[in-house]
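Just so we're clear, the structure is a prediction, and the values are computed from it rather than from any experiment. So you know, we letter chains A, B, ... as the sequences are listed, proteins then strands, and number each from 1.
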Amino acid sequence: MPVTRIATLLKNGQPGTSINARGWVRTRRDSKNGFSFIELNDGSCMRNLQIVVENSVPGYEDSIRSVTTGASISVDGVLKESPGKGQRIELHATSLTVLGAADPQTYPLQKKGHTFEFLRDIAHLRPRTNTFGAVARVRNRISWSIHSFFQNRGFLYLNTPIITTSDCEGAGEMFQVTTLDLAMLARKQIESIDWKQDFFGKPASLTVSGQLEAETYATAIGDCYTFGPTFRAENSNTTRHLAEFWMVEPEMPFYDLEDNMALAESFIRTMVSDVLEHCAEDMEFFSQRIDPGVMARLETIRTKDFIRLPYTEAIEIIQRSGRKFDYAVQWGSDLQTEHERFLTEEHFGQPVILYNYPRTLKPFYMRCNEDGKTVRAMDVLVPGVGEIIGGSQREERLDVLVQRMGECHLNPDDYWWYTDLRKYGTVPHAGFGLGLERAVLLITGMTNIRDVIPFPRTPGHAEF
RNA sequence: UCCUCUGUAGCUCAGCUGGUAGAGCAGGCGGCUGUUAACCGCCGGGUCGUAGGUUCGAGUCCUACCGGAGGAGCCA
């Protein structure tokens, strides 16, 4: 008997076909007239398959009682048109097997009404809920879309190292990787660590970005992108930060900042379009249950050109707005979250790409403009999420790069291989980084980043 | 890390100005029903986050600690 996933059954299943369905019970309703309705979900889609089990089915009396919310079952039966409302077809069981019972006294998930906070504590079971099933499917589609976007443009998928010994871009605190016996070192109360004794012979960390390594391939084999886990040991506790998250980092030779912005915009638009096209049912759910404004926001992204605004003009807009902000802005100061929200959510009401930031605000590798004050950086800000992409044209001139390293208190010797790229056959190039989870937030309308990654890692939390 | 809020039954919450705990859902039992967040009735279930303190008396007030959430900083 063919095993068919419920998504396919509900779409293409024809009355009269004999099939097998397997999955997890969402709920059961009994009729004392001698049959039961089972709502079965197998994760392939939002909707459930309704199963009708007559008491004439072998073992009905024994097994139906353990068909409770959360139980796993396998059902053979025949598809029939459903006389009831709410479903085109339903499965009339000819045999029912309970694969695994779920004690209703202890099974934490109920038919309705759980907070995301509660579900976070049972992250191993929350994918069995509508919301987290939908998030998982949309996240999967976004990942697929990322690969197809770049592959369709001839980009090379590049795996940059997870473990690194370069403190690249000084982008925040890093997780140290060591095989040294810390407990023993603590007992010895030694004054300094002999890193030669460590696994790599020097301090090593988990990567905070694959950018610098990606540049080496971009300047050799052309357009490429990384897509992998990224780690930040910042003690940040917000709805937008994770200690472990997934980042996409394309890097393109011969691109200037304009090209970079165009690619970023096209990239986001493609992800949004793909999800709208392929996850319509899940998006319907997000629109109805999670964020009523999500569809309008995505439609704007899909159809309207992003605003491109130099940092200097952004400052002027904020200053002229007459709005009271907790933090005043002046040229040279970093934009606060409240300013970014004002720009993207209120003033423009759509994605905004800010570019040409003061050099003092940005890392050493961003290309200096001729004005001597700004660098060719760009941040893509979107409503509800804030910064979703950060990128820049890279500084390809060796002398300027080395000078900038000095300004940022970095030792060029530590980046010898990176400066070599400028020493030998340097080219203008650019790239950016997109936080996958922030993209999932944007597209689903979910508000907490901890709910769009299967097992979130945040300060004090690495359960599961 | 800072600021604010919060911690009462398995879950979601109520409990007003202090007088020793309630509802809905879930669970059990019974009834009804081609049902679909099913419905109706009954029943079981809580040392009110922890430790102190004020008081004749604390879920309710005070202090500390421990969870959780939101905002800020940092950034993707």
Side-chain angles (χ1 to χ4, degrees), chain A residues 26-40 47-54 65 68-70 80-87 90 92 102-122 129-130 169-173 208-211 227 229-249 264 289 325-327 334-341 361-363 379-382 385-391 432-442 447-453 458-461:
Chain A
R26 283 296 170 78
T27 181
R28 184 191 91 223
R29 298 179 291 273
D30 295 326
S31 167
K32 282 292 163 15
N33 284 356
F35 58 96
S36 299
F37 294 99
I38 298 171
E39 294 284 336
L40 191 69
R47 284 187 295 161
N48 304 318
L49 174 67
Q50 174 161 288
I51 298 170
V52 180
V53 191
E54 304 276 352
R65 289 175 59 87
T68 57
T69 303
K80 292 187 180 174
E81 280 184 38
S82 176
K85 288 177 183 160
Q87 61 278 320
E90 61 192 18
H92 287 247
D103 183 356
Q105 298 274 13
T106 57
Y107 187 63
L109 290 176
Q110 295 170 13
K111 281 188 264 187
K112 61 169 192 170
H114 293 297
T115 60
F116 290 147
E117 294 82 58
F118 171 70
L119 292 172
R120 249 168 250 154
D121 291 334
I122 50 167
T129 64
N130 286 336
E169 68 186 276
E173 293 295 309
V208 295
S209 166
Q211 178 200 320
F227 184 14
T230 309
F231 308 88
R232 305 271 166 96
E234 294 289 348
N235 185 18
S236 53
N237 216 304
T238 79
T239 54
R240 303 181 301 284
H241 290 88
L242 291 166
E244 177 185 291
F245 62 100
W246 285 65
M247 187 154 68
V248 184
E249 295 179 285
R289 297 297 190 88
F325 293 104
D326 292 338
Y327 296 86
D334 219 345
L335 292 184
Q336 306 293 314
T337 297
E338 57 177 348
H339 306 131
E340 295 182 348
R341 294 181 74 98
L361 297 179
K362 293 295 182 180
D379 285 356
V380 181
L381 311 178
V382 293
V385 177
E387 183 179 345
I388 195 169
I389 279 179
F432 61 82
L434 169 121
L436 174 66
E437 287 75 18
R438 289 188 179 178
V440 181
L441 287 180
L442 172 72
T447 54
N448 194 319
I449 204 164
R450 287 167 273 206
D451 297 327
V452 296
I453 188 169
T458 54
H461 297 276

[X] side-chain proximity, nearest of [options]:
X        : options             : result
A/Thr115 : B/U12, B/G73, B/G34 : B/U12
A/Phe37  : B/U35, B/G28, B/A72 : B/U35
A/Tyr327 : B/C11, B/A72, B/U36 : B/A72

Below 4.0 angstrom from OP1 or OP2 of B/U35, is there any side-chain N or O of A/Arg26?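 Checking B/U35 against A/Arg26, no side-chain N or O comes under 4.0 Å of OP1 or OP2.
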
Phosphate-side-chain proximity, A/Gln105 and B/A26, N/O vs OP1/OP2 below 4.0 Å: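 Negative; the distance criterion is not met.
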
Let me have a per-nucleotide readout for nucleotides 3-9 of chain B, 5' to 3', with B, S or -, counting only protein heavy atoms under 4.0 Å. -------

No-hydrogen, no-angle side-chain donor-acceptor test under 3.5 Å, A/Glu249 and A/Ser209: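 A/Glu249 vs A/Ser209: donor-acceptor pair found between side chains.
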
Can you see whether A/His461 engages A/Thr458 through a side-chain donor-acceptor pair at a distance of less than 3.5 angstrom?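 No, no side-chain donor-acceptor pair sits under 3.5 Å.
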
Considering only heavy atoms and no angle criterion, is a donor-acceptor pair shorter than 3.5 Å present between the side chain of A/His241 and the base of B/C75?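 Per atom types, the contact qualifies.
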
Please list, pair by pair, any protein nitrogen or oxygen found under 3.5 Å from a nitrogen or oxygen in nucleotides 38-42 of chain B.
from  : atom 1 : to       : atom 2 : distance (Å)
B/A38 : OP1    : A/Lys111 : NZ     : 3.0
B/A38 : OP2    : A/Arg29  : NH1    : 3.3

Under the salt bridge (charged side-chain N to carboxylate O under 4.0 Å, His left out) rule, collect the residues that match up with A/Arg29, sequence neighbours excluded.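 Scan of A/Arg29 (salt bridge (charged side-chain N to carboxylate O under 4.0 Å, His left out), adjacent residues dropped) gives A/Glu39.
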
Check whether any side-chain heavy atom of [X] sits under 4.5 Å from a side-chain heavy atom of [Y], and report yes or no.
X        : Y        : value
A/Arg438 : A/Ile449 : yes
A/Arg26  : A/Ile38  : no
A/Thr115 : A/Glu117 : yes

Taking the six-membered ring for Trp, are A/His114 and A/Phe118 parallel (under 30°), tilted (30 to 60°) or perpendicular (over 60°)?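 Because their plane-to-plane angle is under 30°, the rings of A/His114 and A/Phe118 count as parallel.
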
Across all strands shown, which nucleotide pairs with [N] by Watson-Crick or G-U wobble geometry, both distances under 3.5 Å?
N     : value
B/A69 : B/U4
B/G59 : none
B/A9  : none
B/G18 : none
B/U50 : B/A64

For A/Ile389, report the nucleic acid contact type (base, sugar-phosphate, nothing); a contact means any heavy atom under 4.0 Å.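 Touches sugar-phosphate only.
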
Taking any heavy-atom pair under 4.0 Å as a contact, classify A/Glu90: base, sugar-phosphate, or nothing.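 If one applies the 4.0 Å heavy-atom cut-off, A/Glu90 turns out to touch a base.
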
Just how far is it from atom CZ of A/Arg450 to atom CG of A/Leu119, taken to the nearest 0.5 Å?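 Going from CZ on A/Arg450 over to CG on A/Leu119, the span is 14.0 Å.
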
CD/A/Glu54: more than 12 non-hydrogen atoms of other groups inside 6.0 Å: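 More than 12 heavy atoms, drawn from other residues, nucleotides or ligands, come within 6.0 Å of this atom.
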
RNA chain B: 5'-proximal contact among A/Glu387 and A/Ser82 (nearest heavy atom):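 Here A/Ser82 is the residue nearer the 5' end.
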
In chain order, what residues pass the side chain to side chain contact (heavy atoms under 4.5 Å, CB included) check against A/Ser36, with sequence neighbours excluded?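 Side chain to side chain contact (heavy atoms under 4.5 Å, CB included) list for A/Ser36, sorted by chain: A/Arg28, A/Asp30, A/Tyr60, A/Ile64.
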
Apply side chain to side chain contact (heavy atoms under 4.5 Å, CB included) to A/Thr337 and list each qualifying residue two or more places apart in sequence or on a separate chain.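 Once residues adjacent in sequence are excluded, the partners of A/Thr337 under the side chain to side chain contact (heavy atoms under 4.5 Å, CB included) criterion are A/Arg240, A/Arg341.
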
I'd like a table of atom pairs between the protein and nucleotides 67-71 of chain B - only N or O on both sides, under 3.5 Å - with the distance next to each one.
from  : atom 1 : to       : atom 2 : distance (Å)
B/G68 : OP1    : A/His461 : NE2    : 2.7
B/A69 : OP1    : A/Arg120 : NH1    : 3.0
B/G70 : OP1    : A/Asn448 : ND2    : 2.6
B/G70 : OP2    : A/Arg450 : NH2    : 2.8
B/G71 : OP2    : A/Thr239 : OG1    : 3.3

